[in-house]
Amino acid sequence: MAEIILTGLGAMCGSLIRFGLLTVAPRWFGKLADLMVVCINLLAALGMGIVVVLILPDWLHTILAPGILGGLSTFSAPIVDIADAIQKPHGPHQMLIFKTIMTFIGGLIIFWLGMQIGQNLL
């Protein structure tokens with residue numbers, strides 16, 4: 001039961017951070033705010049890569065990995081963008097393709113980079 005509560009509290013914090021970043025993004029970054037979800041997901045992937053190699057107490061790993069980083073990342077947003085694009089076949093798909101590649105392929109690369117950083121912290 002404690003793991004569920006720790007994960008939930010961490011996810012709440014991660015979701016609030018994501019919401020805050022998405023709220024201020026248009027003011028801070030203008031048109032680049034369209035890439036904020038991708039940047040948040042890459043940041044979460046980097047953090048996850050670091051966390052998985054660190055030797056942490058179970059409670060801290062639970063708060064950080066599935067909790068904060070899981071709540072911070074959102075992979076439903078890119079899927080919704082893809083579904084919307086399928087329904088609108090004549091839209092601007094170049095940015096969608098870029099964001100999808102950056103989210104999924106870039107996420108794996110950034111996760112690996114995070115693992116390398118984490119190993120150097122040990």
Side-chain angles (χ1 to χ4, degrees):
M1 182 63 134
E3 287 181 340
I4 294 171
I5 292 170
L6 290 173
T7 301
L9 290 173
M12 179 182 67
C13 293
S15 295
L16 289 171
I17 293 167
R18 176 173 27 94
F19 179 77
L21 290 171
L22 291 172
T23 300
V24 300
R27 283 183 281 162
W28 289 359
F29 303 110
K31 291 193 79 117
L32 289 177
D34 292 344
L35 296 174
M36 184 55 79
V37 169
V38 174
C39 293
I40 290 170
N41 284 338
L42 293 177
L43 178 64
L46 179 71
M48 192 68 74
I50 293 170
V51 168
V52 298
V53 298
L54 293 179
I55 301 168
L56 301 171
D58 288 344
W59 65 269
L60 184 56
H61 183 273
T62 300
I63 289 173
L64 291 174
I68 294 173
L69 296 171
L72 178 64
S73 65
T74 173
F75 287 96
S76 60
I79 300 303
V80 170
D81 286 346
I82 292 168
D84 288 345
I86 290 169
Q87 294 176 354
K88 300 174 192 171
H90 301 296
H93 297 301
Q94 294 86 359
M95 180 58 86
L96 174 66
I97 292 168
F98 172 75
K99 287 167 45 176
T100 302
I101 290 170
M102 285 303 297
T103 296
F104 294 103
I105 306 298
L108 289 172
I109 294 167
I110 295 295
F111 177 81
W112 175 84
L113 180 64
M115 289 177 62
Q116 303 311 305
I117 292 169
Q119 288 174 348
N120 287 326
L121 293 175
L122 294 177

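We use all heavy atoms of the structure for the numbers below, so side chains are in, but hydrogens, waters and symmetry mates are not.
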Let me have the donor-acceptor pairs involving side chains of residues 17-26, under 3.5 Å, with sequence neighbours excluded, atom names and distances please.
from  : atom 1 : to    : atom 2 : distance (Å)
Arg18 : NE     : Gly71 : O      : 3.2
Arg18 : NE     : Leu72 : O      : 3.0
Arg18 : NH2    : Gly71 : O      : 2.9
Thr23 : OG1    : Phe19 : O      : 2.7

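- The minimum heavy-atom distance between Val37 and Ala77, with the atom names listed, is CG1-CB, 4.0 Å.
- Put simply, OG on Ser73 and CD1 on Ile68 are 12.0 Å apart, with the number rounded to the nearest 0.5 Å.
- A pairwise comparison of heavy atoms in Ala65 and Val51 identifies CB-CG1, 4.1 Å as the closest pair.
- Heavy-atom minimum distance, Leu122 versus Ile55: CD2-N, 4.2 Å.
- In the hydrophobic cluster analysis, where Ile, Leu, Val, Met, Phe, Trp and Tyr join through side-chain heavy atoms closer than 4.5 angstrom, Phe75 is grouped apart from Met102.
- One hydrophobic cluster, built from ILVMFWY side chains closer than 4.5 Å, holds both Leu54 and Trp59.
- Partners of Asp81 by salt bridge (charged side-chain N to carboxylate O under 4.0 Å, His left out), not counting sequence neighbours, listed by chain and number: Lys99.
- Scanning all heavy atoms of the two residues, the minimum distance from Leu96 to Ile82 falls at CD1-N, 4.0 Å.
- With sequence neighbours excluded, the residues satisfying side chain to side chain donor-acceptor pair (under 3.5 Å) with Thr74 are Ser76.
- Ile97 and Leu42 end up in different hydrophobic clusters when Ile, Leu, Val, Met, Phe, Trp and Tyr side chains are linked at under 4.5 Å.
- Both Met36 and Trp28 sit in one connected hydrophobic cluster of ILVMFWY residues. Membership requires side-chain heavy atoms under 4.5 Å apart, directly or through other members.
- Linking ILVMFWY residues whenever their side-chain heavy atoms come closer than 4.5 Å, directly or via other members, places Leu43 and Leu121 in the same cluster.
- Residues Leu35 and Phe98 meet the side-chain proximity criterion, which asks for heavy atoms closer than 4.5 Å.
- Residue pairs meeting the salt bridge (Lys or Arg N to Asp or Glu O under 4.0 Å) criterion with at least one member in residues 48-58: none, sequence neighbours excluded.
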Please output the side-chain donor-acceptor pairs of residues 5-13 that fall under 3.5 Å, not counting sequence neighbours, one pair per line with the distance.
from : atom 1 : to   : atom 2 : distance (Å)
Thr7 : OG1    : Glu3 : O      : 2.8

Side-chain atoms of residues 104-116: list all donor-acceptor pairs with protein atoms under 3.5 Å, sequence neighbours left out, distances to 0.1 Å.
none

